[in-house]
S.K.: 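Here you go, one structure.
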Amino acid sequence: MNPDGPFPVEALAALPEDRRTTVLRRADPRWRRAVSAMSTLYGARADAEDLPLRVAMRLADAVSERRDDLWHLDAERERTPDWFLKPDMLGYSTYVDRFADDLRGLTDRLDYLTELGVTYLHLLPLYPTQPGDSDGGFAVANHRAVHPRLGSEADLVALSKALRARGISLGLDFVLNHTAEAHPWAQAAQQGNQRFRSFYLTFEDRSLPDQYETTLTEVFPSTAPGHFTWNEALQRYVWTTFYPFQWDLDWTNPQVFEAMLDTALWLANVGGEVLRLDSAAFLWKRLGTDGRNQPEVHLVLQAFRALLGIVAPGVLLKAEAIVAAREVVPYFGRQHAPGCDLAYHNTLMASLWYGLATGDPTLVERTISQTMPPSVPSTTWATYLRCHDDIGWWPLIVELGAEADARLAEVAAFYAGERPGSFAWGRSFQSQEGDAHGTNGMLASLVGLQRALEITHPTERALAVARIRLLHGLLLGLPGLPVLYMGDEIGLGNDPAEAARQADGRWLHRPRFPWSHVHRRLDPATPEGQVWSTLRTLISHRRAQPALHSEVAAAVVPMAAPSVVAIRRSPNAGAPLLILGNLSSEERTIDDLPDRFATSTDVLSGVPFDGWLPPYHIVWLTSDD
Ligand code: OTU
């Protein structure tokens, strides 16, 4: 493979002149970046000699199939590369069938999302899956189709158009690390097809698996220990990082690269504007390592970024790498080798929960100082408080140092409601012998709202709503594209009955959306109404603040008062904003405001700030100077 090879123009012969010209413009410098990465990854393989030409042919096919409305959207996005960094962006993540029965049902619910202010809708995997347990849809049996229970490809295209018409970008899962055992590739492998057997990592005995296992760390130590599963049909061990029915793909095989590029192009051409790269950290395995974040992972993603940018520059890549923040930063790539446009900030998420349980702001402050905003232009964090997964505590270990295990175990026990004074109703996940792997639970349950409502305790209810306001006030005040999890906007709680029916504890926080009483959101006397108006107030004020553009610096301001997080957002032009959040159940008095804010107004309440912060209170201050 020639690492300096030009774009194979012959691949574009069948394209109309205008599209061919646009592709060639976009290909410089993207093509060179892609070929450089591909030659590093696959250059030594004889079967990769004509990989660039095969890839260029795939790109040409995808360009010819790309709908005009998406082609025009790409042009608009190229003109406004910071479109997803603006303070009017708001994400929402849900399973199709937890929010509405299917894609058509969801299409009938878009007014609700518009009313909330959603501009980005991430739909969790909606593809054909492994029969039975499918790890919440992440055991994908066909990456380029819609699960028949949810609808058809035409329904998905229609939904993407309906969303686009409302200014809402569709996000889709790109499950690129593994397939279901039921996937046709894995089925063919089990029937003796050597080509498809080479799509997976298999071993004739335990000697290599045992060597790998010495440095790997398990994702599901309780429900899926180990990384290898014996397969009778193959008479070999298969690499299965997650559940035994999820077979890891062998990304050292260029045919896997090509096949999954086809998937990314399909997702883009059905109208996906953000591709969530599931389990991206695990793509490349290496003996003697923890099997995550290897350099080749970043080369794969940089190649995908470049190639997708030639066909669909309006489509974003969002890295789902639940690892330490310092390990996530490389997923953005570098200025001349861009990687992902977005990456989940799981460390900020876990640090906010850690701070709420302990009143200790240091992890939040350190995370902001060290990672916000990212250094690569036109990239940002996908910031969130809850999602369909657990709160993973392990990425905080590196931040907490020697006492990490003990401190995280305490926090996990707090959120499991096992500590005096705990307001939380959550459950530990995959934790063993008192260690802290993860915590399950809906946001409303973790902040104490579900418990307060069960015991009809008005003071506790008010404090729980204050905690919701505090967490979202910090999230929406920080750089990033904030992504709400389904139901958090109305204080929806855990579904223990669902959790009891499922083998995996994360179903505790995957309830069905309660359309029967969502009207309460408009009644301020109800908890739904209080939470809804709290979030709506934050969302509308965020839109109005140029200081909250994701590329505006966020500086931590040291405050004398304990448990208070102070963040200054200073735009190059326009008024700065000072965000103060009280992480504790005790009131705080602030008497060391920066001079600029000596007299200031809280934009959230419209009231001059007198220095008093009630328990769990947050203010967004603008200077009166
Ligand atoms: C992702 O999760 C998905 O979000 C999970 O729902 C899936 O179970 C998993 O991949 C397999 O597809 O990528 O960094 O709860 O945080 O498994 C690891 C554990 C992942 C998840 C973890 C995560």
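Counting starts at 1 for both ligands and their atoms, following the listed order.
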S.K.: With heavy atoms of His388 as the reference, note each atom of ligand 1 found under 4.0 Å away.
M.R.: 3 (C), 4 (O), 5 (C), 6 (O)

S.K.: Starting from atom 22 (C) of ligand 1, locate the nearest protein heavy atom and write down its residue, its atom name and how far away it is, to 0.1 Å.
M.R.: Val219 CG1, 4.0 Å

S.K.: Below 6.0 angstrom between ring centroids: does that apply to Tyr485 and Tyr384?
M.R.: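 No, the ring centres sit 6.0 Å or more apart.
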
S.K.: For the ring pair Trp425 and Tyr415, is the centre-to-centre distance below 6.0 Å?
M.R.: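 No, ring centres 6.0 Å or more apart.
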
S.K.: Heavy atom of Tyr243 under 4.0 Å from ligand 1?
M.R.: no

S.K.: Does even one non-hydrogen atom of Asp390 get within less than 4.0 Å of ligand 1?
M.R.: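 Contact present.
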
S.K.: Mark up the atoms of ligand 1 that fall under 4.0 Å of a heavy atom belonging to Ser279, in ascending order.
M.R.: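 Listed by number with element, the hits are 1 (C), 9 (C), 10 (O), 11 (C), 12 (O), 13 (O), 20 (C).
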
S.K.: Distance to the ring centre below 6.0 angstrom and angle to the axis at most 45 degrees; does that hold for Arg206 and Tyr237?
M.R.: yes

S.K.: Can you list the ligand 1 atoms lying under 4.0 Å from a non-hydrogen atom of Asp135?
M.R.: 7 (C), 8 (O), 9 (C), 11 (C), 12 (O)

S.K.: Please work out which of the three classes, parallel, tilted or perpendicular, describes the rings of Phe99 and Tyr92, given edges at 30° and 60°.
M.R.: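 Perpendicular.
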
S.K.: With a cutoff of 4.0 Å, is His178 in contact with ligand 1, counting heavy atoms of the residue only?
M.R.: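 Yes.
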
S.K.: What do we get for Asp389 next to ligand 1 when only non-hydrogen atoms under 4.0 Å count, side chain, backbone, both or neither?
M.R.: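 For Asp389, only side-chain atoms sit under 4.0 Å from ligand 1.
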
S.K.: With atom 14 (O) of ligand 1 as the reference point, say which of Asn440, Asn177, Ile322 has the nearest heavy atom.
M.R.: Ile322

S.K.: Any idea which protein heavy atom is nearest atom 18 (C) of ligand 1, and the distance to it?
M.R.: Phe282 CE1, 3.6 Å

S.K.: According to the interplanar angle, ranging from 0 to 90°, do the rings of Phe203 and Phe228 count as parallel (below 30°), tilted (30 to 60°) or perpendicular (above 60°)?
M.R.: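 The arrangement is perpendicular - the two ring planes meet at more than 60°.
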
S.K.: Return the residue, atom name and 0.1 Å-rounded distance of the protein heavy atom closest to atom 23 (C) of ligand 1.
M.R.: Glu320 OE2, 3.2 Å

S.K.: Describe, in one word, how the ring planes of His122 and Tyr120 are oriented to each other, choosing from parallel (under 30°), tilted (30 to 60°) and perpendicular (over 60°).
M.R.: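 Taking Tyr120 first and then His122, their aromatic rings lie parallel (interplane angle under 30°).
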
S.K.: Going by salt bridge (Lys or Arg N to Asp or Glu O under 4.0 Å), name the pairs with one or both residues in residues 265-276, residues two or more places apart or in two chains.
M.R.: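 Residue pairs passing salt bridge (Lys or Arg N to Asp or Glu O under 4.0 Å), neighbours aside: Arg77-Glu273, Arg164-Glu273, Asp173-Arg276, Arg276-Asp278, Arg276-Glu320.
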
S.K.: Using heavy-atom distances, let me know which of Asp278, Asp504, Asn346 sits nearest atom 1 (C) of ligand 1.
M.R.: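 When every heavy atom of Asp278, Asp504, Asn346 is considered, Asp278 comes closest to atom 1 (C) of ligand 1.
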
S.K.: Determine, using ring centers only, whether Tyr243 and Phe138 are less than 6.0 Å apart.
M.R.: no

S.K.: Please confirm whether Arg506 comes under 4.0 Å of ligand 1, counting heavy atoms of the residue only.
M.R.: yes

S.K.: Taking the six-membered ring for Trp, are the ring centroids of Trp393 and His437 within less than 6.0 Å of each other?
M.R.: no

S.K.: How does Arg276 reach ligand 1, if at all, at less than 4.0 Å between non-hydrogen atoms: by side chain, backbone, both, or neither?
M.R.: side chain

